[in-house]
Amino acid sequence: MSSLFSDYHIWTALWATVRLTIYSAIGSLVLGTIVATLRLSPIGILRFVGTSYVNIFRNTPLTLIILSCSFVLYIQLGITLANSSDPKFADVNGFRLAVVGMTVYHATYVCEALRSGFNTIPLGQAEAARSIGLTFGQTMREVILPQAFRGAVVPLGNTLIALTKNTTVAVTIGVYELSAVLKTVTERDPGLLNLSFLVVGVIFVILTLPMGVAIGRLGNRVAVKR
Amino acid sequence: MKFRATYAGAAAAALSLGLGLTACGGSSGSGGSSKEAVCKLPDKGPTVKVGVKFDQPGLGLKDGDKYTGFDVDIARCVAGELGYSKVDFVQSPSPQREKMLQAGTVKMIVATYSITDKRLKEVGFAGPYFVAGQSLLVSKDSKIDSVKGLAGKKVCSVTGSTSVDNLKKEQPNLVPQKYDTYSACAEALASGSIDAMTTDDTILAGYANQSQYKDKFKLVGGTFSEENYGIGLKKGAADCQKVADAIKKTVDNGNWQKALDNNLGSDYKYNSESNPPKTPTCQA
């Protein structure tokens, strides 16, 4: 047990998984909100852009998105997200590319969760807001979005849990997160294989179970009572 | 009516394009060197289940219903020497190898399986049947000729392997790039976006000898580690010594060399000091 933790850097990997989750969650919340706004905009071309974004990225496998972040953005186009003179360049760059990929993919789910939140708001509210002279931006900011987020807490929470588990795909471009531990143990120390799968499985339960409980409570507390 | 005609035309065009593409795919797949099985199995005898890789070109590759590669040929030769008349190949991915042997799903595993102390605690080995070593694969016109020349270069390997870490000790200024499969590395190397890829020379030679990469890559830098590929067996397997003897026979009767030339190319320069292995032994 102790050699699993000392030789295979489980804590480092866990920290990478947690950071990957947090950054991607924040990124996809921001991007998802923008895309949701596009999809609800009164301008046809913007709606089209929003809808296309969701349809393209939601229907592309995450592995493919993450892999193309490295293959297309970094290797083909030479876009780097870290200082190339940094000795840890490869790790940092790979990590950030993975965050980009996770964000792009999960933003579509955030967008759809938010849209489900929008649908809980009676249409009359938007009409009332427009009739007192608020612009589209003001209507979104002051009336629609605050209620939409409150109505969307539970579906957003589902997305967060899915995102946490989806971080295991980042190993495809070499990010040392929890599933990379399993890959390394498999290669070097088959005696620890069962134990490592058990430990990583338990860690994921510890990460996601409280998330589910907290989200359920929060969803009840902030729900818009009508 | 006009509409319908246009649609029909478009459909026909799409169909012919599709057919054209499949035809191309078929012909490129069957290219490459002759992949006839090296060893003939005896006419009568029992069947044996052998674990191999299905996705390692030149070593263990499933192509339709055919199995090719050095490991596959060695498995057939050894099975033949042991008196088996039929070999059933089973895929043995890295995480399942030890379990498959322990549970008896397969009798032997021949899948670039290096003999290490930690693995010997779980399973037995007969071998080595080949001594591989870490090496470098670069594009044909690359100027890189040694580990020292890797300063500032992008070097690809897979997550979990120690290959890049070994190189970093010699040349701290290289830029490591990790993916989860060697195929991803080979593809990136072929497109010129990375400068080198590193792992066992056998695996590298396997990619270099694949028809789509033929004459695009070269192996450089010699070999600078020793990976003893063994045939994995259940711990304490009674016929471990027989398997070791069968490997010895396969080497002595020339089938070993034939298998190597057929699968990894006759211009593949392996470590000739330790190959062919002189004394395959049983470590159960």
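Other residues, nucleotides and ligands place no more than 12 heavy atoms under 6.0 Å from the CZ atom of R217(A). By the 6.0 Å contact criterion, NZ on K140(B) is enclosed, its count of non-hydrogen atoms from other residues, nucleotides or ligands being greater than 12. Summarising the local packing, NZ of K49(B) is surrounded by 12 or fewer heavy atoms from other residues, nucleotides or ligands at distances under 6.0 Å.
Between atom CG of residue L182(A) and atom OG1 of residue T159(B) there is a gap of 12.0 Å, rounded to the nearest 0.5 Å. Atom OG1 of T186(A) sits about 8.5 Å away from atom CD of E98(B), to the nearest 0.5 Å. A distance of 11.5 Å separates CG in D180(B) from CD1 in I66(A), rounded to the nearest 0.5 Å. Residue E187(A) holds its CD atom at 5.0 Å from OG of S94(B), rounded to the nearest 0.5 Å.
Note on E187(B), K121(B), K154(B): by heavy-atom pairs under 4.5 Å with chain A, the leading option is K154(B). Looking only at heavy-atom pairs under 4.5 Å with chain A, the residue among S191(B), P95(B), P176(B) that has the most is P95(B). Each of A90(A), P190(A), G78(A), S70(A) has some count of heavy-atom pairs under 4.5 Å with chain B, and the biggest count is that of P190(A). Between chain B and the options D91(A), V181(A), T184(A), V175(A), heavy-atom pairs under 4.5 Å are most frequent for T184(A).
For L67(A), the part lying near chain B is the side chain, with the backbone staying farther off; criterion is any non-hydrogen pair under 4.5 Å. With a 4.5 angstrom heavy-atom cutoff, L193(A) touches chain B only via side-chain atoms. With a 4.5 Å cut-off on non-hydrogen atoms, Y8(A) touches chain B through its side chain but not through its backbone.
Of all heavy-atom pairs between I75(A) and I194(B), the closest is CD1-CG2, 3.8 Å. Nearest heavy-atom pair across G191(A) and E122(B) is CA-OE2, 3.1 Å. Shown here for F71(A) and A184(B), the closest heavy-atom pair between the two residues is CZ-O, 3.2 Å. Closest of all the heavy-atom pairs between N194(A) and K99(B) is OD1-CE, 3.4 Å.
A donor-acceptor pair under 3.5 Å links the side-chain atoms of R188(A) to the main chain of G160(B), judged by distance alone.
Between T172(A) and Y179(B), the closest side-chain pair of non-hydrogen atoms is not below 4.5 Å.
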